[in-house]
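Below you'll find the structure, written out as structure tokens, and then a few comments.
Side-chain atoms are counted along with the backbone in the values below, which use heavy atoms only and exclude waters and symmetry mates. What you are looking at is a predicted structure, and each value in this text was computed from that prediction instead of being measured. Numbering starts at 1 and runs along the sequence shown.
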Amino acid sequence: MNIKRLMAVIKKEFLHIRRDRASLIMAVMMPLIFIFLFGYAVNTDVENIDMAVLDMDKSMESRELVKKFEASNYFVPSVYVKNTGELERLIDTGNVKCAIIIPSGFSKTVNGFGDSNVQLIIDGVDPTIARTALQSGFLLSKNYSLEQLPQLQSSQLSSGEPGLDVRTKVWYNPNLESTKFTIPGLIGLIMQNITVILTAFSLVREKERGTIELLMVTPVKPAELIVGKMVPYILIGTLDFLIALFFGTFWFDVPIAGNTLLLILLGVIFVICSLSIGILISTIAQTQAQAMQMAFLFLLPSILLSGFIFPRESMPFPIMVAGYFIPLTYFLKILRGIILKGSDFTILASEVYILLAFGIALLAVASISFKKRLD
């Protein structure tokens, strides 16, 4: 091996890296971004679970019980409802993860003159949150019993029987099976990764091969080129979605509780939205290496910030807010809502509108960005 020739190749490579400043900046900044992002986002300790309260007793004792839940830091009684219909809708939409129903006559039961049961309803879609709510709810009710029930009944507590009977009910995933939570999420994650990568290199390849100049001299407008590039990938992405949906639900025994046609339609909307992200990356990147780095910079954080694995409720507020700018966050709610809860369009309307807004905005930005580069 000739050292002089070797040093010449090394020098040439360093010069090439220095000229590609975009790639160099991303390579240097990625570890810093990821260490802070993942350090805060990777957290399995669930706190501040949003809880709805249906207090039909409206007594000092019932308010004291709610305060016990609030003081634990595990529950946040964020909404007070008037009937079970409001309560069910809040859980269906995912605005709360659990609910407590305090029946009339609760104060009499606490004082040893009645027999009424408190009910704790838990959304079992996310087993991590559900287990925390289940365990914490039982312990809190037991402690409340020890503090509130008369001394005459405390002998029941010492025998292991809770003085305050809290009946728990887990909806949608009664057995708290992790598969029913992860499989719908995997379908969304796989679709995002495939579709973003498919289109992230489409225009970049044209640039590197020099064929983009041929398109510049044609009457084709930027918007027409962007949409024309996307249409074949929309068909491929939709086919991939159907394959992932079929095997994910059939093979792993995760039945679709809601409308399958609605799920497929909304899946196509998500495919278009994800392809728009890839097209935008493709218009910005100058080389396939840059496109790969940008795609990686987007795809990896989306696994954590979207709620695919870790509960978003346990993340610090700025990290949780960042998840709202990732389309996968909304599609996971759609997938889990239709597959596990049987949600209809009225429940998922806000997520659908946000996905549509993302897709339109990303396509518009990609068209403008590509037009500027042509100019």
Open item on the list: Is it the case that the side chain of Asn175 and the backbone of Glu177 share a donor-acceptor pair, with hydrogens and angles ignored and the cut-off at 3.5 Å?
Closed with: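 The answer is no, because no donor-acceptor pair under 3.5 Å joins these two groups.
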Considering non-hydrogen atoms only, spot the tightest contact between [X] and [Y] and give its length.
X	Y	value
Leu304	Met315	O-CE, 3.0 Å
Leu305	Ala322	CD1-CB, 4.1 Å
Phe241	Leu335	CE1-CD2, 4.4 Å
Phe181	Pro127	CB-CD, 3.5 Å
Ile339	Pro184	CD1-CB, 4.0 Å
Ala200	Ile281	CB-CG2, 4.2 Å

Would you check if [X] and [Y] make a side-chain contact, meaning some heavy-atom pair closer than 4.5 Å?
X	Y	answer
Ile277	Pro327	yes
Leu332	Phe308	yes
Leu355	Ile334	yes
Ile264	Leu242	yes
Lys180	Tyr172	no
Leu245	Ile256	yes
Asp123	Lys341	yes
Phe270	Glu351	no

Open item on the list: Do the side chains of Arg336 and Asp126 get close enough for a salt bridge, i.e. N-O under 4.0 angstrom?
Closed with: no
For the atom pair [atom1] ([X]) and [atom2] ([Y]), what is the distance rounded to the nearest 0.5 Å?
X	Y	atom1	atom2	result
Cys273	Leu266	SG	CG	12.5 Å
Asn117	Ser141	CG	OG	11.5 Å
Phe106	Asp55	CZ	CG	8.5 Å
Tyr233	Ile197	OH	CD1	12.5 Å
Asp92	Thr346	CG	OG1	9.0 Å

Counting heavy atoms not belonging to [X], are there more than 12 under 6.0 Å from its [atom1]?
X	atom1	value
Phe250	CZ	no
Phe247	CZ	no
Met292	CE	no

Open item on the list: Ring-plane angle category for Phe69 and Phe75, please: parallel below 30°, perpendicular beyond 60°, tilted otherwise.
Closed with: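 Geometry flag for Phe75 against Phe69: perpendicular rings.
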Task: Check against side chain to side chain contact (heavy atoms under 4.5 Å, CB included), Thr128 and Val46 - done: CA-CA 8 Å; Thr128 303; Val46 180; 3.7 Å; yes
Task: Pairing residues for Gln288 by the side-chain hydrogen bond (donor to acceptor under 3.5 Å, both in side chains) criterion, not counting sequence neighbours - done: Glu208
